[in-house]
Number of protein chains: 2
Amino acid sequence: MQRDGSATSYDVARAAGVSQSTVSRVFSPKAKVSEAVAQRVRDAAAQLGYRPNRLARAMITGRSRIVALVVAHFENPFYPDSFEHLALALQKEGYHVLTFMAADLGARTDEVIQELLDYRVEGLIMASVGLSNELTQAIAEAEIPVVMFNRVQDHQDISGVSSDNVAGGRAIAEHLLRTGHSRISYIAGWEGASTQRDREAGFLAGLADGGATLFSREVGDFHHDSAEKAARRMFAAPVHPDAVFVANDHMAFAVMDVLRHDLGLRIPEDVSVIGYDDVPTSAWKSYDLTTVRQPVRAMVDGAVRLLLERIAHPDAPAARIVLEGALIERGSVRRA
Amino acid sequence: MQRDGSATSYDVARAAGVSQSTVSRVFSPKAKVSEAVAQRVRDAAAQLGYRPNRLARAMITGRSRIVALVVAHFENPFYPDSFEHLALALQKEGYHVLTFMAADLGARTDEVIQELLDYRVEGLIMASVGLSNELTQAIAEAEIPVVMFNRVQDHQDISGVSSDNVAGGRAIAEHLLRTGHSRISYIAGWEGASTQRDREAGFLAGLADGGATLFSREVGDFHHDSAEKAARRMFAAPVHPDAVFVANDHMAFAVMDVLRHDLGLRIPEDVSVIGYDDVPTSAWKSYDLTTVRQPVRAMVDGAVRLLLERIAHPDAPAARIVLEGALIERGSVRRA
DNA sequence: ACATGTCTTGAATTCGAATGCAAAGGCTTG
DNA sequence: CAAGCCTTTGCATTCGAATTCAAGACATGT
């Protein structure tokens with residue numbers, strides 16, 4: 001009974017006058033038990049408050065039904081939002097989510113991911129976190145499916161879902177040129193991120209195609225405070241840009257606040273600002289930020305699908321999904 | 001070896017020429033093994049990529065080293081922020097976090113928490129989620145420690161950490177009266193939440209003590225969109241308030257945007273706005289919101305401490321921690 | 001040299017549920 | 001009515017590591 005909290009299948013077996021195997025079968029959907037016995041067992045189980053121990057079940061079946069979710073930090077609301085939908089989608093598929101926050105751990109990340117693997121998770125979703133080469137190797141050897149979310153990884157055996165950041169960067173360049181801007185600048189994110197790299201590459205290519213070049217560039221590292229500083233540096237120059245593409249919305253808010261409240265500039269009359277992600281705050285009237293929308297729901301669905309397919313067919317090759325974003329025009333960019 | 005992914009202690013034992021027991025002892029800190037043998041085993045383990053299976057270990061020791069973290073949703077940034085720090089603090093203590101998002105599941109919440117218990121988690125932290133009576137009962141019977149985060153629960157056997165929302169509400173009333181406001185209104189959060197109830201109770205008590213009464217009241221349910229609607233309803237009246245206390249910062253931003261951009265009111269000249277939580281966005285220049293700071297770090301530390309103490313001493317009584325908040329004066333309230 | 005104690009190590013058991021195999025029972029069919 | 005088949009159930013084993021108990025190795029004291 002509840003000597004130490006919960007009943008075991010043996011307790012139920014004894015109470016129902018059957019064997020432990022039968023109890024087990026009653027709780028395994030595919031196994032067959034006569035309805036009369038099943039009912040007796042279910043009654044006894046309810047009586048004792050018995051539920052199968054998932055750890056024991058995982059041991060024997062080799063399927064823990066746990067997926068690990070690794071996230072760097074939640075400063076940028078894009079990530080908690082994605083996290084929420086990822087967790088819900090996985091829950092709907094009967095998986096439970098072991099979370100690991102990788103914030104500020106640097107090298108220790110590898111170690112803790114090893115710890116996650118010790119739980120025999122069936123798969124791994126990494127959002128906003130890169131993998132070291134050794135770890136990539138370790139994961140490949142453990143033969144555990146991995147999906148990178150909003151990042152691309154070069155290793156051929158790692159799946160990934162992202163939006164087309166190159167196309168998005170290019171669309172932004174085209175939009176700024178089309179609306180008649182001539183001194184166009186860029187505030188970069190953390191240079192180690194593929195999103196940063198791809199958005200900038202597309203943006204520069206788009207400028208080049210339009211016969212323009214970058215007016216100035218600063219690095220904001222995807223953090224609010226760094227972005228504020230980057231904006232101040234950028235606008236300390238004698239001539240300032242008439243448009244700034246900020247590598248994500250979260251930094252763009254910091255930049256807009258500096259421009260308006262520290263420097264007294266009007267947006268978009270004095271300077272246009274454009275972001276990336278389309279987090280909910282971008283639609284708020286205080287910012288009303290033109291941006292490129294990342295299709296979070298579709299990315300989440302894709303990530304979950306890739307992961308589950310890989311779990312079901314471990315020998316299938318890794319796959320990559322790249323979704324289209326969409327330029328959302330709001331009021332932070334001057335019209336032509 | 002890695003026939004199916006990972007080596008077992010038997011594989012290592014064979015490779016090192018020792019028994020499985022010895023391998024196990026090498027990986028149990030307290031057990032004693034001669035240094036020579038230990039080294040041989042460690043080498044073999046490294047060679048084979050062996051790490052102890054935590055599920056198997058949990059089975060025999062009865063300690064899964066897993067804590068469940070239940071969160072309703074991440075719309076209000078207070079929660080992802082708390083979640084991040086909770087997860088980090090628990091990781092630091094050697095626990096891993098099984099996450100469950102309770103968003104929109106309503107009655108199904110109970111069921112899924114049952115599922116969490118099936119993983120034999122050692123404890124449960126609930127943030128922003130209430131418990132049904134049956135569930136509270138089930139948890140008490142399972143003898144598993146529970147800590148409510150930013151909520152209080154009446155059940156005597158459930159620990160909780162919160163800030164003093166009554167005192168905070170009162171401080172806000174006093175501040176608004178001191179600064180000379182006379183038509184003071186309130187936009188409530190979801191009425192089922194203890195934070196909502198306590199903040200309003202303290203606020204009304206504070207007004208009463210100052211000889212004032214509430215000018216008007218609407219309900220925003222802690223959601224951005226509902227708060228916008230609540231603000232529009234409130235300001236559709238012929239005479240509008242000169243100060244509004246909004247039950248949390250997240251709703252206050254929505255209210256401020258409506259007041260400024262839809263209704264053309266100036267803050268604080270035409271109307272003062274005050275929030276609750278002090279989320280990072282409140283300090284941004286666009287909002288510059290006066291608010292009551294909830295001491296997130298201290299609340300997180302308290303929650304983790306309560307939980308771990310309860311895990312270590314299951315017979316100790318449940319405890320409650322109530323921390324002081326602090327009124328943070330910014331620019332959204334008119335000075336006297 | 002012998003008794004005693006300490007330290008290592010291995011054999012056997014355990015945690016809780018799933019499952020292959022075999023036995024027992026029920027039913028069909030010639 | 002017997003032979004054969006299918007269904008239901010129990011027995012015994014398994015997953016992987018921790019732990020109890022006992023035995024062996026070695027040192028110490030008298």
Side-chain angles (χ1 to χ4, degrees), chain A residues 1-41 44-45 48-66 115 117-122 142, chain B residues 1-41 44-45 48-66 115 117-122 142:
Chain A
M1 314 243 295
Q2 37 235 57
R3 293 177 306 277
D4 68 328
S6 54
T8 73
S9 56
Y10 287 96
D11 299 322
V12 177
R14 200 174 322 119
V18 298
S19 72
Q20 178 271 328
S21 331
T22 299
V23 175
S24 170
R25 278 189 267 260
V26 171
F27 288 91
S28 313
K30 53 193 165 299
K32 34 200 28 219
V33 188
S34 74
E35 189 45 45
V37 173
Q39 196 51 54
R40 199 143 45 87
V41 169
L48 297 173
Y50 167 80
R51 313 193 96 231
N53 181 328
R54 306 218 40 160
L55 301 182
R57 178 177 277 186
M59 281 227 49
I60 192 91
T61 61
R63 312 215 47 194
S64 63
R65 292 255 146 194
I66 299 179
E115 289 179 24
L117 297 181
D118 295 344
Y119 282 98
R120 300 305 187 259
V121 297
E122 293 187 40
Chain B
M1 316 236 293
Q2 41 235 55
R3 292 178 305 277
D4 68 328
S6 55
T8 73
S9 57
Y10 286 97
D11 298 321
V12 177
R14 199 174 322 120
V18 298
S19 72
Q20 179 269 331
S21 328
T22 300
V23 175
S24 170
R25 279 189 267 260
V26 171
F27 287 91
S28 312
K30 51 192 167 299
K32 31 200 26 211
V33 188
S34 75
E35 190 45 44
V37 173
Q39 195 52 54
R40 201 142 45 85
V41 170
L48 296 173
Y50 167 80
R51 314 191 98 232
N53 181 329
R54 306 216 42 163
L55 301 182
R57 176 177 281 186
M59 281 225 50
I60 192 89
T61 61
R63 312 213 45 194
S64 62
R65 292 255 146 195
I66 300 178
E115 289 179 23
L117 297 181
D118 295 344
Y119 281 98
R120 300 304 187 258
V121 297
E122 293 186 39

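Given the structure is predicted, the values throughout are model-derived calculations rather than measurements. Just so you know, these numbers use all the heavy atoms, side chains as well, and skip hydrogens, waters and symmetry mates. Each chain gets a letter, A, B and so on, in the order the sequences are listed, and its residues count up from 1.
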Need one value for [X]: base, sugar-phosphate or nothing, where a base atom within 4.0 Å counts as base even if backbone is also close, heavy atoms only.
X	result
A:Arg63	nothing
B:Ser21	base
A:Arg54	nothing

D:dA17 phosphate, OP1 or OP2, under 4.0 Å from B:Ser24 side-chain N/O: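 Checking B:Ser24 against D:dA17: no side-chain N or O falls below 4.0 Å of OP1 or OP2.
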Phosphate contact (C:dA17 OP1 or OP2) by A:Tyr50 side-chain N/O below 4.0 Å: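 Yes.
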Per B:Ala56 side chain, nearest of listed nucleotides D:dG16, C:dG16, C:dT19: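 Shortest atom-to-atom distance from the side chain points to D:dG16.
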Which atom of A:Ala16 lies closest to which atom of A:Ala44, heavy atoms considered: CB-CB, 3.9 Å
Smallest separation among heavy atoms of B:Val12 and B:Ala45, with atom names: CG1-N, 4.0 Å
Rounded to the nearest 0.5 Å, what's the gap from [atom1] on [X] to [atom2] on [Y]? Could you check?
X	Y	atom1	atom2	value
B:Tyr119	A:Leu55	OH	CG	8.5 Å
B:Asp11	B:Gln20	CG	CD	11.0 Å
B:Ser9	B:Arg25	OG	CZ	12.0 Å

d([atom1], [X]; [atom2], [N]) in whole Å:
X	N	atom1	atom2	result
A:Asp11	C:dG16	CG	C1'	10 Å
A:Leu55	C:dC15	CG	P	15 Å
A:Lys30	C:dT19	NZ	C1'	10 Å
A:Met59	D:dG16	CE	C1'	4 Å
B:Phe27	D:dA17	CZ	C1'	11 Å
A:Asn53	C:dT14	CG	P	18 Å
B:Ile60	C:dA12	CD1	C1'	12 Å
B:Gln20	D:dC15	CD	C1'	12 Å

side-chain hydrogen bond (donor to acceptor under 3.5 Å, both in side chains) involving B:Arg63 - partner list, sequence neighbours excluded: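 Scan of B:Arg63 (side-chain hydrogen bond (donor to acceptor under 3.5 Å, both in side chains), adjacent residues dropped) gives B:Tyr95, B:Glu122.
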side-chain hydrogen bond (donor to acceptor under 3.5 Å, both in side chains) involving B:Ser28 - partner list, sequence neighbours excluded: none
Side-chain donor or acceptor of B:Ser64 paired with backbone N/O of B:Arg120 under 3.5 Å: yes
A:Ser21 and A:Ser24 side chains, donor-acceptor separation under 3.5 Å: no
Taking only nitrogen or oxygen atoms into account, show me every contact under 3.5 Å that the protein makes with nucleotides 23-27 of chain D, one pair per line with its distance.
none

Pairing of B:Arg54 and A:Asp118 as salt bridge, 4.0 angstrom limit: no
Note, A:Val18 side chain near A:Arg40 side chain (heavy atom, < 4.5 Å): yes
The helix from C:dA1-D:dT30 to C:dG30-D:dC1: angle between end helix axes, five pairs per end, rounded to 10 degrees: 40°
Under 3.5 Å, sequence neighbours excluded: what are the donor-acceptor pairs made by side chains of residues 29-39 of chain A?
| residue | atom | partner | partner atom | Å |
| --- | --- | --- | --- | --- |
| A:Ser34 | OG | A:Val37 | N | 3.4 |
| A:Glu35 | OE2 | A:Arg42 | NH2 | 2.9 |
| A:Gln39 | OE1 | A:Arg42 | NH2 | 3.4 |
| A:Gln39 | NE2 | A:Asp43 | OD1 | 3.2 |

Show the distances under 3.5 angstrom between N or O atoms of the protein and N or O atoms of nucleotides 7-9 of chain D.
| residue | atom | partner | partner atom | Å |
| --- | --- | --- | --- | --- |
| D:dT9 | OP1 | A:Ser34 | OG | 2.9 |
| D:dT9 | OP2 | A:Ser34 | N | 2.9 |
| D:dT9 | OP2 | A:Ser34 | OG | 3.3 |

